[in-house]
Amino acid sequence: MKLVRISLLVACALAAPLAMGQNTAKIKIGLMLPYTGTYAALGNAIENGFRLYVEEKGGKIAGREVEYVKVDDESDPSKATDNVNKLVKRDNVDVLVGTVHSGVAMAMAKVAKDTGTLLIIPNAGADAVTGPMCAPNIFRSSFSSYQPAYAMGEVAAKKGGKKAVTITHKYAAGDESVRAFREAFEKNGGQVIKDLNLPFPSVEYQALLTEIASLKPDLVYTFFAGGAAVKFVKDYAAAGLKKSIPLYGAGFLTDGTLDAQGADAEGLFTTLHYADSLGTPRDNSFRLAYAKTYKLQPDVYAVQGYDAAQILGIGATAVKGDLSKKAEFATAVEAAKIDSPRGVFTLSKAHNPVQDIYLRQVVGKENKVMGVAIKALADPARGCRM
Ligand code: BEZ
């Protein structure tokens with residue numbers, strides 16, 4: 001009996017500092033992002049943005065220092081489950097931050113849902129993660145595939161286009177983007193006459209560009225990003241199509257890519273939840289800090305990384321650094337007005353940003369704001385039960 005009591009005391013003495021230590025030990029953040037391949041630049045910008053916010057807070061989140069564990073997910077869905085399981089089960093991260101590619105993000109969401117690990121998605125648009133896979137511990141700081149695409153469907157129809165061809169990589173983000181474009185375009189009197197696609201991450205566009213030339217649509221809608229977007233815009237112009245068939249896109253087509261696309265991007269219209277010339281004090285100070293720190297101009301990916309850290313900061317502060325209090329973490333984030341460089345946004349019940357979608361046009365090296373295409377656009381969160 002005495003022995004049992006002593007060992008209980010020892011167990012309590014060991015447990016107590018651990019429980020208290022939860023609030024002062026470093027927060028382990030699993031950054032699962034692409035650092036190689038077509039989306040490498042996007043992964044780096046997200047990490048830069050995330051770190052910038054943490055540094056602005058003195059290197060801490062809710063008073064706890066931060067430790068990063070990084071994995072290059074290579075935008076490869078076939079490696080995603082193993083990669084995320086390593087972060088959760090081997091490295092015991094407190095929170096997962098990732099990723100760019102929708103197929104990889106869906107694997108992350110499945111593991112997060114099954115294990116209850118906090119997940120903040122700083123880019124991937126997969127409708128499913130704030131749709132059927134939505135969960136109290138999953139948050140997105142970026143957008144759903146639906147949002148910029150739906151806005152462009154309205155814009156393109158209002159600009160008078162009647163017949164459109166779409167072109168994208170064949171995977172969740174591309175398929176969903178094209179579907180949302182079609183939904184809005186056809187609701188507004190247009191018609192999509194053909195969907196073209198190629199496997200991710202191929203950039204062999206020539207045969208598809210020849211098909212576009214022979215279909216002669218009024219316009220083309222596209223979803224490409226990163227290195228694939230650079231090559232598509234250049235190939236579209238080189239094929240002589242830019243002069244005859246207007247090219248519209250979800251804003252990833254020209255975000256973080258303008259240096260490489262040069263004059264071939266000039267004049268292109270896109271829709272997105274960020275632009276280079278917002279000119280608000282909040283955005284100006286973010287852009288200045290980012291440029292000073294990294295000697296680079298920020299893009300939408302940097303903003304999404306920054307806001308992923310803000311979301312973590314809001315939730316973690318509300319639970320005084322105790323990230324095991326998931327329900328209270330979620331309640332705080334759900335009530336927050338997030339002061340983003342893109343403009344203030346809130347999260348929907350499904351934890352996806354409700355945000356303005358800007359119409360932008362490429363002017364020189366900038367995605368210039370031409371107006372707000374749709375104000376406070378929420379994702380429909382089809383299939384989310386939470
Ligand atoms: C996606 O896979 O969801 C995605 C990738 C790059 C840019 C935007 C979305």
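Numbering of ligands and ligand atoms starts at 1, following listing order. Keep in mind it's a predicted model, so treat the numbers as computed, not measured. Values reported hereafter were calculated over all heavy atoms of this structure, with side chains retained and with hydrogens, waters and symmetry mates removed.
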Completion exercise
Contacts of Tyr236 meeting ring pair (Phe, Tyr, Trp, His ring centres under 6.0 Å) (sequence neighbours excluded), chain-then-number -> Phe232
Practice task
Examine Lys170 relative to Phe200 and say whether NZ or CZ is less than 6.0 Å from the centre of the six-membered ring and inside a 45° cone about the ring axis.
Solution key: no
Exercise for the section: Flag this pair as yes if the NZ/CZ of Lys159 is under 6.0 angstrom from the six-membered ring centre of Phe269 and inside a 45 degree cone about the axis; otherwise no. Expected result: yes
Practice task
Please confirm whether Arg51 makes a cation-pi placement over Tyr306, using NZ or CZ under 6.0 Å from the six-membered ring centre and within 45° of the ring normal.
Solution key: no
May I have every N or O pair linking ligand 1 to the protein at under 3.5 Å, one per line with atom names and distance?
from     : atom 1 : to     : atom 2 : distance (Å)
ligand 1 : 2 (O)  : Val100 : O      : 3.3
ligand 1 : 2 (O)  : Ser102 : N      : 2.8
ligand 1 : 2 (O)  : Tyr171 : OH     : 2.6
ligand 1 : 3 (O)  : Ser102 : OG     : 2.6
ligand 1 : 3 (O)  : Gly125 : N      : 2.9

Completion exercise
Taking every heavy atom of Phe185 against every heavy atom of Ala164, the minimum-distance pair comes out as CE2-CB, 3.5 Å
Problem - Salt-bridge contact Glu154-Lys158 (side-chain N to carboxylate O under 4.0 Å) - result: yes
